[in-house]
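Worksheet: the structure to be examined is printed underneath.
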Amino acid sequence: MITQFRSAAENVSAVVTEVGTMADAFTYIVDLCVDKDACQILAPGCETPLSDRADKVCREKDQKLIAAPLLDADAAGQLNDLCGNRGICLVREDLRRYVSGIDIGVTLADFGVAETGTLVLASGSEDLRLATMVCEIHAAILPKSRIRADLFEIEQDLAADMATGTDYCAFITGASRTADIERVLALGVHGPLELHILLTEA
């Protein structure tokens, strides 16, 4: 199923990497952030000098930013140490304050669907939703043990989540894409430009 999942995900432009441990996943994510160009805050009118106040909004952020909501304290501490050593800012909550400048959003996927290369994330957290949608790169950590053959195999798990009041469930297949404009495929129009799926052993 891992091979099938990888093949299906890569067919829709996802980057799938086996990293071993959660610590390895965090190292991969921080390295990815260091190597990418800084996300710039670009507002309408930035191409024209309007005022001192507007110019401050349009400037590049002072440092790169990783958003990682819903990590437990130990995992957040590990990632924060790695970010601090590389000059990266880590935010874990109140992501509305950073929606124009998140370089990488980090999430923990609940399931992977081998048939389609789809990630399943169930959470009522607004911060998690923002982490999957307003970043330039979405890095999802998925334990291999959570990969299922098809959606029928996670039906009962999702039904149990919904019974407890979960009001949000996302099915993410590849990077954001559209072909609405003159039937030309464009990535990153409605969400992240890249999706990296990091497969861990546990």
Side-chain angles (χ1 to χ4, degrees), residues 1-33 35-36 39 64-72 75-76 78-79 82-83 88 90-93 95 98-99 102-151 153-154 157-158 161 166 168-177 187-188 190-202:
M1 281 194 298
I2 294 169
T3 300
Q4 183 184 10
F5 176 85
R6 174 192 287 273
S7 177
E10 289 176 345
N11 282 340
V12 288
S13 304
V15 178
V16 182
T17 306
E18 296 185 41
V19 293
T21 67
M22 183 76 80
D24 295 331
F26 290 156
T27 298
Y28 177 102
I29 290 164
V30 170
D31 288 343
L32 185 65
C33 191
D35 291 340
K36 76 180 288 295
C39 173
K64 294 179 181 177
L65 187 128
I66 292 176
L70 304 187
L71 293 181
D72 63 40
Q78 288 181 40
L79 182 54
L82 288 171
C83 287
I88 298 168
L90 176 68
V91 294
R92 297 177 55 204
E93 57 187 12
L95 266 57
Y98 307 94
V99 293
I102 297 174
D103 292 281
I104 299 181
V106 180
T107 62
L108 306 178
D110 294 291
F111 294 101
V113 181
E115 183 178 43
T116 56
T118 298
L119 296 172
V120 181
L121 289 86
S123 174
S125 164
E126 179 186 69
D127 284 334
L128 182 138
R129 296 195 292 272
L130 290 173
T132 65
M133 292 187 296
V134 300
C135 54
E136 289 193 346
I137 298 174
H138 175 196
I141 300 170
L142 173 66
K144 293 178 182 178
S145 62
R146 304 293 285 178
I147 297 175
R148 303 290 185 265
D150 53 38
L151 286 173
E153 289 196 5
I154 62 173
D157 294 285
L158 294 180
D161 280 342
T166 297
Y168 176 80
C169 186
F171 294 79
I172 300 171
T173 308
S176 169
R177 63 184 58 222
L187 297 178
H190 305 300
L193 285 162
E194 299 176 21
L195 172 63
H196 290 248
I197 302 172
L198 309 178
L199 301 179
T200 62
E201 296 296 337

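For the atom pair CG (Leu142) and CD1 (Ile147), the distance works out to 5.0 Å, reported to the nearest 0.5 Å. In this structure, CG on Leu71 lies 7.5 Å from CG on Leu90, to the nearest 0.5 angstrom. Atom CD1 of Ile141 and atom CZ of Arg146 lie 14.5 Å apart (nearest 0.5 Å). The CG atom of Leu199 lies 6.0 Å from the CZ atom of Phe5; values are rounded to the nearest 0.5 Å. Expressed to the nearest 0.5 Å, how far CD1 of Ile66 lies from CG of Leu79 amounts to 5.5 Å. Within the model, atoms CG of Asp110 and CG of Asp161 stand 6.5 Å from one another, a figure rounded to the nearest 0.5 Å.
Looking at Leu119 and Leu195, their side chains come closer than 4.5 Å, going by heavy atoms from C-beta outward. Residues Lys144 and Glu201 meet the side-chain proximity criterion, which asks for heavy atoms closer than 4.5 Å. Between Cys169 and Val120, some side-chain heavy-atom pair lies under the 4.5 Å cut-off. The side-chain heavy atoms of Val15 and Glu194, taken from C-beta on, include no pair separated by under 4.5 Å. Residues Leu95 and Met133 are not in side-chain contact: their nearest non-hydrogen atoms beyond the backbone lie 4.5 Å or more apart.
Legend: residues meeting side-chain hydrogen bond (donor to acceptor under 3.5 Å, both in side chains) with Glu10, ordered by chain and number and at least two apart, are Arg6. Legend: residues meeting salt bridge (charged side-chain N to carboxylate O under 4.0 Å, His left out) with Asp24, ordered by chain and number and at least two apart, are absent. Ser7 pairs by the side-chain hydrogen bond (donor to acceptor under 3.5 Å, both in side chains) definition with nothing, not counting sequence neighbours. With sequence neighbours left out, the side-chain hydrogen bond (donor to acceptor under 3.5 Å, both in side chains) criterion links Thr116 to Thr118. In this structure Tyr98 satisfies the side-chain hydrogen bond (donor to acceptor under 3.5 Å, both in side chains) test with no other residue, sequence neighbours excluded. For Glu93, the salt bridge (charged side-chain N to carboxylate O under 4.0 Å, His left out) criterion is met by no residue, not counting sequence neighbours.
Here the shortest heavy-atom pairing between Ala8 and Gly117 reads CB-N, 3.4 Å. Minimum heavy-atom separation, Pro143 to Ala109: CD-O, 4.3 Å. Between Leu65 and Asp103 the shortest heavy-atom distance is N-OD2, 2.7 Å. Heavy-atom minimum distance, Ala114 versus Met1: CB-O, 3.6 Å. Heavy-atom minimum distance, Val16 versus Ala9: CG2-CB, 3.7 Å.
In summary, the side chains of Thr107 and His138 do present a donor paired with an acceptor at a separation below 3.5 Å, with no hydrogens or angles considered.
At least one donor-acceptor pair under 3.5 Å links the side chain of Lys64 to the backbone N or O of Lys36. Under the 3.5 Å distance criterion, the side-chain polar atoms of Thr17 are left unmatched by any main-chain donor or acceptor of Val19. Using modelled atom types, one side-chain atom of Arg129 and one backbone atom of Gly124 make a donor-acceptor pair closer than 3.5 Å.
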**OP:** For side-chain contact (heavy atoms from CB on, under 4.5 Å), just list the numbers for Val99 and Leu130, CA-CA rounded to whole Å, side-chain angles, deciding distance to a tenth of an Å, and then say yes or no.
**Re:** CA-CA 8 Å; Val99 293; Leu130 290 173; 4.2 Å; yes
